[in-house]
Amino acid sequence: PYIASWSPDSKTIALVESGGFYLFDVDQPLEQSVVHSLQGGINEVLSIVWSPDGKYLIVSMKMDHDDYDDPSVIRHQVIVWDTQTYEKIITIHDSSEFYVFDLHISDDGKWLVGIPVDGTILVWRTTDWVLVYTLEAHTKRVKDIIFLSNNRMMSASYDETLKVWDIESGQLLYDSV
């Protein structure tokens with residue numbers, strides 16, 4: 001499956017396919033448009049999101065076992081990439097137990113949210129890429145996250161509930177149950 005995402009300035013497309021992801025400069029002819037590619041070791045890319053200023057591309061992926069000691073283990077990682085240097089800044093999630101299948105970033109770029117399969121919500125502060133909260137959010141997987149005004153976030157889940165959170169404190173403000 002392919003995943004594509006426009007940069008905030010609409011000049012670059014991040015295109016993901018099994019085995020790698022590519023950055024395309026849309027102002028260049030097609031044969032010259034690939035400005036960067038990352039391949040090898042990637043089993044599957046699950047989600048990509050740009051920071052609002054376009055400086056970072058955050059990617060959630062499953063990594064091939066060849067890169068690790070135990071060949072039965074598939075690592076699940078969330079990696080922050082610098083879009084100017086194409087260097088990896090930091091791996092903010094690295095687990096063999098669960099993966100982050102969806103990523104969302106707040107409009108002001110201060111918060112990154114990851115959605116694992118277990119009903120929790122992971123919240124990173126983007127100034128230092130520290131995981132500040134693991135919200136015990138729902139009894140089933142979270143479907144979607146929407147950032148609201150005043151540092152609030154709403155989560156919707158397959159458990160048929162909506163919840164509103166204060167993103168700075170991690171406090172639950174509203175529960176539709």
Side-chain angles (χ1 to χ4, degrees), residues 3-9 12 14 16 21 23 36 38 41-63 67-68 73-158 161-175:
I3 300 172
S5 180
W6 283 98
S7 64
D9 65 5
T12 307
V16 177
F21 70 88
L23 298 179
H36 186 70
L38 175 67
I42 300 172
N43 181 291
E44 180 181 2
V45 175
L46 303 168
S47 182
I48 54 176
V49 66
W50 294 84
S51 62
D53 60 9
K55 292 168 81 172
Y56 304 108
L57 184 65
I58 303 100
V59 182
S60 175
M61 63 185 100
K62 295 180 183 179
M63 301 298 289
D67 298 337
Y68 301 96
V73 174
I74 293 193
R75 303 299 294 187
H76 308 281
Q77 297 182 329
V78 176
I79 298 175
V80 180
W81 299 90
D82 183 308
T83 61
Q84 305 304 307
T85 64
Y86 309 113
E87 298 288 324
K88 178 168 56 170
I89 301 294
I90 189 170
T91 300
I92 58 174
H93 173 76
D94 188 355
S95 172
S96 61
E97 296 177 20
F98 70 94
Y99 61 91
V100 176
F101 72 89
D102 201 6
L103 296 168
H104 297 267
I105 197 160
S106 62
D107 293 339
D108 61 9
K110 293 180 181 179
W111 305 99
L112 175 70
V113 172
I115 303 174
V117 295
D118 63 356
T120 62
I121 299 171
L122 306 175
V123 180
W124 289 274
R125 185 177 48 235
T126 61
T127 53
D128 54 9
W129 300 107
V130 169
L131 179 67
V132 290
Y133 305 113
T134 299
L135 302 174
E136 301 294 329
H138 296 274
T139 58
K140 293 185 180 177
R141 191 180 90 179
V142 174
K143 281 192 225 182
D144 204 3
I145 296 288
I146 298 171
F147 288 97
L148 308 169
S149 60
N150 300 328
N151 292 311
R152 296 188 177 170
M153 168 184 78
M154 183 171 61
S155 58
S157 169
Y158 286 99
T161 63
L162 293 173
K163 297 187 180 188
V164 176
W165 307 86
D166 181 296
I167 195 89
E168 289 187 347
S169 69
Q171 179 182 10
L172 179 62
L173 302 173
Y174 171 80
D175 189 338

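In this chain, numbering begins with 1 at the start of the sequence shown.
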When every non-hydrogen atom of S106 is compared with those of P52, the smallest separation belongs to O-CG, 3.5 Å

Closest non-hydrogen atoms of S5 and I48, given as atom of the first, atom of the second and distance, are CB-CD1, 3.6 Å

Backbone N/O of S60 and side chain of S47: donor-acceptor pair under 3.5 Å:
no

| Taking it one step at a time, do T126 and V80 satisfy side-chain contact (heavy atoms from CB on, under 4.5 Å)? | CA-CA 10 Å; T126 61; V80 180; over 6 Å; no

The reported gap from CG in L46 to NE2 in H76 (rounded to nearest 0.5 angstrom) is 8.5 Å

Does the T12 side chain pair with the main chain of L23, one donor and one acceptor, at a distance under 3.5 Å? no

message = For the backbone of W6 and the side chain of W50, can you confirm whether one donor and one acceptor N or O come within less than 3.5 Å of each other?
response = yes

CD1 (I115) and CG (D102) are apart, to the nearest 0.5 Å, by 4.5 Å

Heavy atoms of W129 and L112 approach each other most closely as CZ3-CD2, 4.1 Å

Is a side-chain N or O of W81 found less than 3.5 angstrom from the main chain of V59, in a donor-acceptor match?
no

Exercise for review: Return yes when atom CG of D107 has more than 12 non-hydrogen atoms of other residues, nucleotides or ligands closer than 6.0 Å, and no otherwise.
Suggested key: no

Residues passing the side chain to side chain contact (heavy atoms under 4.5 Å, CB included) test with A156, sequence neighbours excluded, are L162

Close side-chain approach of I105 and Y56, heavy atoms under 4.5 Å:
no

Across all chains, not counting sequence neighbours, the side chain to side chain contact (heavy atoms under 4.5 Å, CB included) partners of D53 are S51, K55

Across all chains, not counting sequence neighbours, the side chain to side chain contact (heavy atoms under 4.5 Å, CB included) partners of L172 are K163, W165, D175

Rounded to the nearest 0.5 Å, the CE atom of M61 sits from the NE2 atom of H93 at a distance of 11.5 Å

The reported gap from CD1 in I58 to CD1 in I92 (rounded to nearest 0.5 angstrom) is 7.0 Å

So salt bridge (charged side-chain N to carboxylate O under 4.0 Å, His left out) across residues 110-137, not counting sequence neighbours, yields R125-D128

Notebook entry, point to check: Less than 4.5 Å apart, any side-chain heavy atom of Y174 and any of M154?
Noted result: no

Taken in chain and number order and not counting sequence neighbours, the residues that satisfy side chain to side chain donor-acceptor pair (under 3.5 Å) with S169 are D166

Show me the donor-acceptor pairs, under 3.5 Å and distance only, between side chains in residues 140-149 and residues at least two apart or in other chains.
unit_1, atom_1, unit_2, atom_2, d
R141, NH2, Y158, OH, 3.2

So CD1 of I79 and CD1 of I89: to nearest 0.5 Å the spacing works out to 11.5 Å

